[in-house]
Amino acid sequence: NAGVMQNPRHLVRRRGQEARLRCSPMKGHSHVYWYRQLPEEGLKFMVYLQKENIIDESGMPKERFSAEFPKEGPSILRIQQVVRGDSAAYFCASSREIRNTEAFFGQGTRLTVV
Amino acid sequence: QQQVKQSPQSLIVQKGGISIINCAYENTAFDYFPWYQQFPGKGPALLIAIRPDVSEKKEGRFTISFNKSAKQFSLHIMDSQPGDSATYFCAARHTGNQFYFGTGTSLTVIP
């Protein structure tokens with residue numbers, strides 16, 4: 001049973017470009033969470049999705065950021081017109097549908113905006 | 001607003017000593033409290049977790065103590081080893097399934 005898979009592991013984008021980060025949850029998991037981690041800081045909640053639904057996006061910046069979790073395929077975190085301040089590690093976690101279960105994290109995507 | 005407050009920010013412990021990391025929360029809607037361990041360049045890995053109906057949980061050298069009335073919980077690492085050197089995050093899960101994390105504690109265990 002493969003763990004949470006994120007790709008790419010490292011992503012370099014120039015200012016103004018778009019960044020697409022992918023997350024494939026663990027088998028049997030239908031809940032996905034995205035977090036951002038800045039250097040020397042903790043994990044900041046961004047968005048919580050179930051299949052085809054955004055449950056909570058209270059941590060997402062209002063502009064340029066969007067997330068989806070389609071019926072088929074991975075969850076995508078999309079950042080349009082990236083700026084230097086978007087440089088961070090972005091982690092995805094997944095959990096099963098049943099409540100009271102653990103969330104398992106992927107290895108993260110390290111985005112660098114140059 | 002930081003939903004889960006974690007301290008200390010960094011901790012240095014001698015090999016064989018006890019490492020103690022503390023967390024506090026306010027939201028009574030939290031119903032599950034995991035601890036994660038993160039090594040540089042890696043994703044956080046679940047270490048141990050507790051539910052609020054239990055006051056203590058022990059797994060090997062790792063123990064969570066939970067004080068529901070004080071809304072505090074802590075991680076104790078007994079017989080700390082250099083391999084335990086990592087960043088530790090406490091977390092709390094809201095009944096709506098969202099997880100909130102502390103700001104992390106960087107633990108260094110000196111040989």
Side-chain angles (χ1 to χ4, degrees), chain A residues 2-7 9-10 21 23-26 29-51 53-60 67 69 88-110 112, chain B residues 1-11 21-25 27 29-54 57 59 64 75 86-108:
Chain A
V4 179
M5 304 300 292
Q6 287 188 250
N7 66 81
R9 291 292 309 277
H10 300 275
L21 289 62
C23 170
S24 296
M26 287 180 68
H29 286 195
S30 60
H31 295 210
V32 165
Y33 315 81
W34 284 94
Y35 293 85
R36 178 164 61 179
Q37 186 176 38
L38 293 167
E40 307 301 323
E41 291 189 15
L43 295 148
K44 301 292 187 185
F45 169 76
M46 297 183 74
V47 62
Y48 162 40
L49 309 103
Q50 294 179 23
K51 283 285 187 181
N53 286 308
I54 296 175
I55 306 303
D56 181 354
E57 56 182 349
S58 59
M60 287 273 274
F69 189 16
Y90 292 83
F91 289 96
C92 164
S94 74
S95 68
R96 288 204 309 264
E97 186 169 353
I98 302 169
R99 286 193 64 244
N100 292 327
T101 59
E102 304 90 345
F104 295 89
F105 280 82
Q107 298 277 47
T109 293
R110 279 149 186 83
T112 302
Chain B
Q1 181 187 4
Q2 189 68 32
Q3 295 265 7
V4 180
K5 294 181 170 60
Q6 183 173 347
S7 64
Q9 188 174 7
S10 61
L11 182 61
I21 304 170
N22 300 299
C23 285
Y25 65 98
N27 193 335
F30 291 147
D31 64 356
Y32 176 73
F33 301 88
W35 284 88
Y36 286 82
Q37 180 188 56
Q38 184 180 29
F39 292 104
K42 302 292 186 183
L46 180 65
L47 191 62
I48 186 172
I50 197 168
R51 292 186 172 83
D53 55 346
V54 177
K57 183 174 182 180
E59 289 182 4
I64 301 178
L75 175 69
T87 300
Y88 292 81
F89 293 96
C90 62
R93 193 190 65 181
H94 190 271
T95 51
N97 241 31
Q98 302 91 318
F99 286 83
Y100 295 93
F101 285 79
T103 50
T105 296
S106 176
L107 171 65
T108 302

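All values derive from a computational prediction rather than experimental measurement. Below, all heavy atoms of this structure are taken into account, side chains as well, without hydrogens, waters or symmetry copies.
- The distance from the OH atom of Y36(B) to the CG atom of L43(A) is 9.5 Å, given to the nearest 0.5 Å.
- Your options are Q6(A), Q107(A), K44(A), and the one with the most heavy-atom pairs under 4.5 Å with chain B is Q107(A).
- Comparing P34(B), G104(B), P44(B) by how many heavy-atom pairs each has under 4.5 Å with chain A, the most go to P44(B).
- Contact check for F101(B) versus Q37(A): no side-chain heavy atoms found under the 4.5 Å cut-off.
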F91(A) and Q38(B): side-chain contact (heavy atoms from CB on, under 4.5 Å), yes or no, with the steps?
CA-CA 12 Å; F91(A) 289 96; Q38(B) 184 180 29; 3.4 Å; yes
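- Counted within 6.0 Å of NZ on K42(B), heavy atoms from surrounding residues, nucleotides or ligands total 12 or fewer; the atom is thus considered open.
- Relative orientation of the F45(A) and Y100(B) rings is tilted, given thresholds of 30° and 60° on the angle between their planes.
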